[in-house]
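Sequence lines set the chain letters: A, B, ... in the order given, protein chains first and strands last, and positions in each chain run from 1.
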Amino acid sequence: MSTMVLSRLRPGEGGAFRLFASQEALLAFAIIGIAILVGLYNPRFLATRNLADIVLGNAYIAVAAIGMSMVIVSGNIDISVGSLIGVLATISGSLAVAGVPIILVWLTPLVVGLLVMMLQGAVIAYLRIPAIVVTLGMLSILKGGLISVTGGRWITDLPQSFHLADIELFGILPMPVLIMVAATILAALWMRYSASGRAIYATGGNAEAARLCGVSPRRTVVMVFALHGLFAGIAALLFATQLKVIQSTVPPNLELTVITAAVVGGVSILGGVGTVVGSTLAAVLIAEIASALVFINVSPYWIHAVQGILILVTVVADILRRRRRQVGG
Amino acid sequence: MAVLAPEVRSAAPRWLIRHETLLAAILVAALAILGLFNERFLTIDNLLNQGRLMTEVGLLALPMTFIIITGGIDLSVGSIVGLCAIMLGYSWKNLGFPLPLAIAFAIGVGGVAGFVNGLLITRVRVPPLIMTIATLALYRGLAEGISQARSVRNYPEWFFFTGQGEWLGVPVQLWILLVGIIVAGITLDRTTFGRTLYAIGNNETAARFSGLPVDRVKLVVYTLSGLAAGLSAWVLVSRVTTTRSDMGSGYELDVIAAVVLGGTSIFGGVGTIWGTVVGLVMIQLLKNGLALTGVKGDATIIVIGAVLIASTLIASSLHGRREVAG
Amino acid sequence: MKQSMKHRMMKTAALVILGVTMAGGAAVAADKWDGGDDLPTSPLACDAGPSAAAAAKPYDGGQTTGAPDKAGKPITLVDVPKLIGIGYFNATSKGMQDAAKEIGNVKVTTDGPTEAKIDEQIKFIDNYITRGVDGILFAANDPVAIAPVLKKALSKGIHVVGYDANSQPDARQWFINQAEFNGIAKAMVDAMAKEAGEDKGFAIVTSTFTTPNQARWIAEMSAYAAKCHPKLKWLETVEAQEDNVLSFSQATTLINKYGDKLSGLFGMTSVATPASAEAVTKAGLCGKLAVVGLATPNAMKPYVNAGCVKSVVLWNPVDLGYAATYVMRAVVDGKLKPGATSVDAGKLGKLNVINGSEILLGSPFIFTKDNIKDFDF
């Protein structure tokens, strides 16, 4: 069932439940709710600086989750994105240190990311190898390749102009937030209103039916992975330009975090359902929770357990919500 | 998962047997080549040692095969191993259980963890991928919290027999794995339970309407996965003589690689234990052979990744499997 | 309806668990700092000055069985650090290569896991045992878990020498200790007290609570601070793996959480310290919030030169790798035997044996604005 953002409410559904009718609304409510609750415990949580830091530091996850959501909606999965981001960050940093013009330094990861992912998409679509196999294999290839080529050397002499994430447009809009919001809105509109965007939902929902309707599932999959690679490239830029040092390693567990953001955002692993607005909100929520747990003094030994429970609760709540709606409550 | 073109896949079609045979042939060829490069590779000593080292992942790969055949997945196995390892130490040291009871308790905890996975997957209908991603985090977190980052060590001598000992010249844990393989293989191939797994993977709705106890079977396989993780944890703790909350981390990918390499389809309905064993052995011996030949760690990972993709490509293209892309 | 009841039940359950954890976390008396282990500590004297030499311990290292006599002959060594791909172990590796070139008949290869996992490290070592090397140099991810495979190496006649992170003494012949745990603790805490203030609050960014070296340092720092700087207030310890971005994120969260109450940050790994310094810089608190930690000079140059960080505590990891190689050569040549009190380590001169089978590199080295430009690693 393809349920779109706008067609959620049915006549007759009343009361406060209307607010919770969509996962996006639920997430937004959770973000605000947690902020208020934690703010009561420790007002410093609500300081502009802190809220800004939470979003700025994690915008790259939201951007990567946009691409991942598209991949999952199309009925596939990708576990190589973490390794790819590590590789792209290193490429970008190395070019910067070598004195390459900044525009090229920023564009190269996008192009390389797009090409690498498109290759995977082609192998999945045309060579009929399951996504989990291809991306699992690619994860290893990228990880090993990165260490092989760099020897694990850190990149330390980055030029000042490299730091895209520090730029503030017109002096007030930080680039990471700008890019995250713009990418989300553009992707959401594209998926909702354009033919190729809706083709993704069709492919994920029922590929055979989609084919019969004139959608080419194979071309759609390749396109989706290409876009995913583009977003991974943007995410890599935001990731790499935050700090003065680039570790030439793969950030640990990044792919799991991105998948979690997409899934908590309402994307269904069965394909065909979900929005990128949801995944962006989920990425923000996950980052907020990580910070919140420190602010409310959860014992550091139990932080991961609490995070696991929260993910579980969110996911179960989403499933129950969907089932309630289907049954017609 | 995307809907597949209507293609009947029965429990053990002839072409499937050929996939494993093909893989086994690739394996033998690879071993021969690596054996040429390094004389210490194909020695009994080394091969038995590799068998010892692959047991922990191997035990997990058996129920994982069952799970993937039903069209599900379990990403939390590594975390369950960590949790069970911690519970083994914790119940022995902090709760004062006698060590044999602690071992049984730890395995039991694994079963419960798997049961919880299965329960929420069958009753609440949480998709397995999502459920087990969540429990991957949760169980690891429980291991960290309960252990408070302390290790438990100084076990009695007899405890190390499982992980470091030998019986009739073969490492003890390898015997355990062999028994597991035989039991799993027979179950999958010869019992109604096994056939039910294939039925569920092929078409769950039809299986349900045929009156098969789909939910109960699924619950069982996820619980088995948890129990296997507990067993694996016991072997691991015995082998390295200590407990750590990060034990088992990353195992899930190794297990899935072995199962998928062995011909089990991620879409469900297809797969054999024999294939998983070949996949398991192939990855282990490939890593070992490459290391002995002087290939360093980073290059080895690249080769394994490439082999995974290439083998699946070769095997699937030779059988012209028709699956609508998606 | 059944589903919404389940929904509500789960929500309540989650909140209860959350509440209990919070209460539990707060209830734990913070006598010892989070992240420390529970082994006995031995804080040094509070005043400056070398500590009294500890009473000599009898040799407690392991021995090889049937090692071939390779005195004076070319040997092949393998170095298996905790993980590859971080500046610190790149530096130790470089030191080993320098020593190998100087000695002339030593060949060292560095190979190891890409993540700090003990199970991977064991498998690496195991493969090299099968391959047949003359000696293994290691930095252990876990002192007890690594013991069985090291003992296997010893039993096959392979020499085993550790550096940076020790194993159980009987699993290796010698261990190069960069600096005593309590010495490092003293240097760090003294620096923090001086830069932040005697009665100020500080937090710690470490890798994980299960990393043995870090846990030892934190425990020793806790004991030393209780003894010599009792008014220093420990606020919190956070984990950040060995990841740059995560360390930065955690440090930023701490700065935001405590505001003025936080006057100092300890970075316990070569990754955490530059990331914490960056967090302080980004927050505009350079000079107001002290950052003290272990790190390699190159990563810290921008911050030290900007005055954000006054002192970086370390030892010279290049020297550490260098010494380890010389010690291994001496062991193979039979020049370093159990019971020895010192060993010749090339350009480092004579290094002393302490604690039975440990060889001390020296005192912790402090990198400051004046000397940091002289180092390149």
Side-chain angles (χ1 to χ4, degrees), chain A residues 17 41-42 44-45 47 49-51 53-54 57-58 60 143-144 146-147 150-154 156-157 166 239-240 242-254 287 290-291 293-306 309-310 312-313 316-317 320-321 323-324 327 329, chain C residues 1 3-4 6-7 10-11 13-15 17-18 21-22 24-28 34-35 83-87 89-90 93 110 114-115 209 236-239 241-250 252-259 271 274-275 277-279 281-283 296 298-299 301-303:
Chain A
F17 281 130
Y41 184 87
N42 184 340
R44 299 195 54 87
F45 189 73
R49 237 231 101 80
N50 185 49
L51 297 176
D53 281 336
I54 292 176
N58 293 284
Y60 72 96
K143 190 151 113 168
L146 184 58
I147 305 261
T150 64
R153 246 181 316 278
W154 288 3
T156 44
D157 291 311
D166 290 345
F239 172 79
Q242 282 182 81
L243 302 176
K244 295 197 170 64
V245 169
I246 296 182
Q247 275 179 297
S248 306
T249 51
V250 162
N253 296 323
L254 181 51
S291 181
L293 290 179
V294 174
F295 269 78
I296 60 177
N297 289 318
V298 169
S299 160
Y301 297 102
W302 289 101
I303 282 198
H304 293 143
V306 174
I309 293 183
L310 288 171
L312 197 54
V313 164
V316 168
L320 291 177
R321 180 187 57 81
R323 281 173 70 191
R324 184 164 21 100
V327 172
Chain C
M1 256 188 69
Q3 270 94 348
S4 56
K6 251 193 229 169
H7 190 165
M10 294 208 192
K11 265 208 197 141
L15 284 170
I17 295 172
L18 197 56
T21 338
M22 272 170 59
V28 170
D34 279 345
L83 75 162
I84 55 174
I86 59 171
F89 288 114
N90 286 343
S93 185
T110 301
T114 51
E115 284 160 75
F209 294 149
E236 186 162 350
T237 311
V238 291
E239 289 186 316
Q241 320 277 345
E242 293 275 351
D243 188 56
N244 215 357
V245 173
L246 186 56
S247 305
F248 172 75
S249 178
Q250 292 285 57
T252 306
T253 306
L254 288 173
I255 294 174
N256 287 331
K257 174 178 175 184
Y258 289 107
V271 173
E278 180 67 26
T281 311
K282 281 259 172 71
T296 52
N298 275 357
K301 273 179 189 161
Y303 308 107

Give, as side chain, backbone, both or neither, the part of [X] having an atom under 4.5 angstrom from any heavy atom of chain C.
{"X": "F295(A)", "answer": "both"}
{"X": "N50(A)", "answer": "both"}
{"X": "T249(A)", "answer": "side chain"}

Proximity breakdown for [X] and chain A, heavy-atom pairs closer than 4.5 Å:
{"X": "S93(C)", "result": "neither"}
{"X": "F89(C)", "result": "neither"}
{"X": "N90(C)", "result": "side chain"}

side-chain contact (heavy atoms from CB on, under 4.5 Å) partners for K301(C), two or more places apart | N298(C), N305(C), I372(C)
Picking from V271(C), T237(C), L246(C), which has the most non-hydrogen pairs under 4.5 angstrom with chain A?
-> V271(C)
Contact leader toward chain A among K257(C), E278(C), E115(C), where contacts are heavy-atom pairs under 4.5 Å | K257(C)
Which heavy-atom pair separates [X] from [Y] by the least distance, and what is that distance?
{"X": "Y301(A)", "Y": "G35(C)", "result": "OH-N, 3.2 Å"}
{"X": "P302(C)", "Y": "K244(A)", "result": "CB-CD, 4.3 Å"}
{"X": "T156(A)", "Y": "A299(C)", "result": "CG2-CA, 4.5 Å"}
{"X": "V245(A)", "Y": "N244(C)", "result": "O-ND2, 3.1 Å"}
{"X": "D243(C)", "Y": "P252(A)", "result": "OD1-CD, 3.6 Å"}

When I246(A), I147(A), L243(A) are compared by non-hydrogen pairs under 4.5 Å with chain C, the top option =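 Greatest number of close heavy-atom pairs with chain C: L243(A).
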Do E236(C) and V294(A) come within less than 4.5 Å of each other through their side chains, counting heavy atoms only?
-> yes
Indicate yes or no: at least one non-hydrogen side-chain atom of N256(C) is less than 4.5 angstrom from one of R44(A).
-> no
Does a salt bridge link D166(A) with K282(C), judged by any charged N lying under 4.0 Å from a carboxylate O?
-> yes
Working to the nearest 0.5 Å, report the span between OH of Y258(C) and CG of N42(A).
-> 9.0 Å
